[in-house]
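Notes to accompany the following structure.
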Amino acid sequence: MAKRDYYDVLGVARGASDADIKKAYRQKAKEHHPDRNAGKSDSEAKFKEVNEAYDALKDPEKKAAYDRFGHAAFEGGTGASAGARGGQRAYGGGDFASAFSDVFDDLFGDFAGQRGGGGGQPRATRGSDLRYNMRVTLEEAFAGAQKTINVPTSVQCEVCSGTGAEGGAEPTTCPTCSGMGKVRAQQGFFTVERTCPTCGGMGQIIKTPCRNCGGAGRVEKERALNVNIPAGVETGTRIRLGGEGEAGLRGGPSGDLYIFIDVKEHGLFQRDSENLFCRVPVAMSTAAMGGEIEVPTIDGGRSRVKIPEGSQSGRQMRLRGKGMPALRGGQRGDMFIELAVETPVNLTARQKELLREFAELSENNNPEGSSFFGKVKRFWDEMKG
């Protein structure tokens, strides 16, 4: 059976550019891949045909031979001999694995990190990011604060200036991977790429490692850092300090330090976003007749609150603008107080007498005896009985 024209197999015209040929090959390879055409008996044959065509047309010399002699350029015999006499090379059958490897590398070569940029080029690696958990009081979260923290981390070696080599000498190109940091192994139709075992993916080796850092280019050290805690932070707030993480390898950039805020529980206030809540005790007489009380605020001051007469336990009152500041914007939330009416204890005989009298008067005003003071009177009557 006569072979199809390679240009027809890929669906491109003669004279197509290398980019157009590669683009067409990708589309055809995906279209006829056996894994995507389960149950189609001819898919494997078409897939091989596409790879054979691409193998011939991707190489400039092979492509020139094919344009001049057609399939005879790769089959030996008369055409190939004529090509040889005319100064052209004769080629064997299509190298399917090579073709597939070329496009596989183009599509997936950068997945596991950047490939080496050529022998002798430094392969600097960015340092890791660090996390630091910081606890602050509610007052510090309200007003903001300056904190000094000690962070154990990796810093650049001062002896070798981060190169990892003794005496500041430059690392040399790894002979195993030629500076790529990766090695490849052919497995059937696929090319498997692995980290170079000699240089560990760095692309370079150090013949004489620095004695201070052991060739890593960095050493462990505890650093003191000043941290600005902005007003309005809450539990879960994250503060980023750029470049304050671990030092990079071989002179690479440092990572970042992330500070996670945890606000301690307060003895008086409970927080909900920018609002504060607290329970305030109120004397029974003040709750009954009304009056004013003073309540503490988060800024350390005190605010006067008017209590309406007849207030009951559980009643909420709002103090606008007395809550927490917003982290972005500066506006303050509100403070909500919940009244807790206190029942007097350790009464004197006179106080008890006055309460009984008041309870009788309150019961006269409320014949059904459903008032609080009516209940108090009934309680005392039961106790005496």
*Please report the C-alpha distance between V305 and E292 in whole Å, then the side-chain angles of each, then the deciding distance to 0.1 Å, and finally whether the side-chain contact (heavy atoms from CB on, under 4.5 Å) criterion is met.*
CA-CA 6 Å; V305 180; E292 287 189 349; over 6 Å; no
Counting neighbours of [atom1] on [X] that are heavy atoms of other residues, nucleotides or ligands and sit closer than 6.0 Å, is the number greater than 12?
X	atom1	result
Q331	CD	no
E222	CD	yes
R211	CZ	no

Is there a side-chain contact between [X] and [Y] (heavy atoms, below 4.5 Å)?
X	Y	result
T343	V341	no
L225	K147	no
C213	Q156	no
E166	P209	no
I261	E234	no
T153	S254	no
L138	M324	yes
N226	I149	no

inquiry  = For F260, does the six-membered ring have the charged nitrogen or CZ of R131 within the cation-pi criterion, i.e. under 6.0 angstrom from the centroid and within 45° of the normal?
reply    = yes
Will you find, in the side chains of [X] and [Y], an N or O donor that is under 3.5 Å from an N or O acceptor?
X	Y	value
S154	E220	yes
D67	Y6	no
N133	R135	no

Across all chains, not counting sequence neighbours, the side-chain contact (heavy atoms from CB on, under 4.5 Å) partners of E342 are P281
Those residues at least two apart in sequence (or on a different chain) that pass side-chain contact (heavy atoms from CB on, under 4.5 Å) with K28 are E31, H32, V50
- Whether F277 and F336 hold their rings parallel, tilted or perpendicular, with breakpoints at 30° and 60°: parallel
What's the spacing between [X] [atom1] and [Y] [atom2] if we round to 0.5 Å?
X	Y	atom1	atom2	answer
L276	H266	CG	NE2	9.0 Å
L355	M284	CG	CE	5.5 Å
K58	L10	NZ	CG	12.5 Å
M134	E140	CE	CD	9.0 Å
L257	S128	CG	OG	12.5 Å
E193	C177	CD	SG	10.5 Å

Can you see which heavy atom on [X] is nearest to which on [Y], and at what distance?
X	Y	value
L130	P152	CD1-O, 4.3 Å
D334	G321	OD1-N, 2.9 Å
S178	T173	C-CG2, 3.6 Å
I205	C174	CG2-CB, 4.2 Å
E61	D59	N-OD1, 2.9 Å
S303	T297	OG-CG2, 3.5 Å

Salt bridge [X]-[Y], side-chain N to carboxylate O under 4.0 Å:
X	Y	answer
R126	D256	yes
E44	K48	yes
E49	R4	yes
D5	R14	yes

- Task: Quick one: do Y132 and Y258 satisfy ring pair (Phe, Tyr, Trp, His ring centres under 6.0 Å)? Show the steps, please.
- Result: CA-CA 6 Å; Y132 186 93; Y258 291 91; over 10 Å; no
Residues pairing under side-chain hydrogen bond (donor to acceptor under 3.5 Å, both in side chains) where one sits in residues 306-324, two or more places apart or in two chains, turn out to be none
Would you say [Y] ends up clustered with [X] if hydrophobic residues are merged whenever their side chains have heavy atoms under 4.5 Å apart, either directly or through other cluster members?
X	Y	value
F269	L319	yes
Y66	I21	yes
I239	V263	yes
V159	V155	no
M317	L268	yes

Short question: side chain of [X], backbone of [Y] - any donor-acceptor pair under 3.5 Å?
X	Y	value
Q351	T348	yes
E244	L241	no
R304	E294	no

- Task: Just do the side-chain contact (heavy atoms from CB on, under 4.5 Å) check on V227 and T148 with the steps written out, would you?
- Result: CA-CA 6 Å; V227 182; T148 300; over 6 Å; no
Run the salt bridge (Lys or Arg N to Asp or Glu O under 4.0 Å) test on E353 and R356 for me, step by step, so that the C-alpha distance in whole Å, both residues' side-chain angles and the decisive distance to 0.1 Å come before the verdict.
CA-CA 5 Å; E353 181 182 349; R356 290 192 193 98; over 6 Å; no
* Please test V9 against Y54 for side-chain contact (heavy atoms from CB on, under 4.5 Å), starting from the C-alpha separation and ending with a verdict. => CA-CA 9 Å; V9 171; Y54 179 65; over 6 Å; no
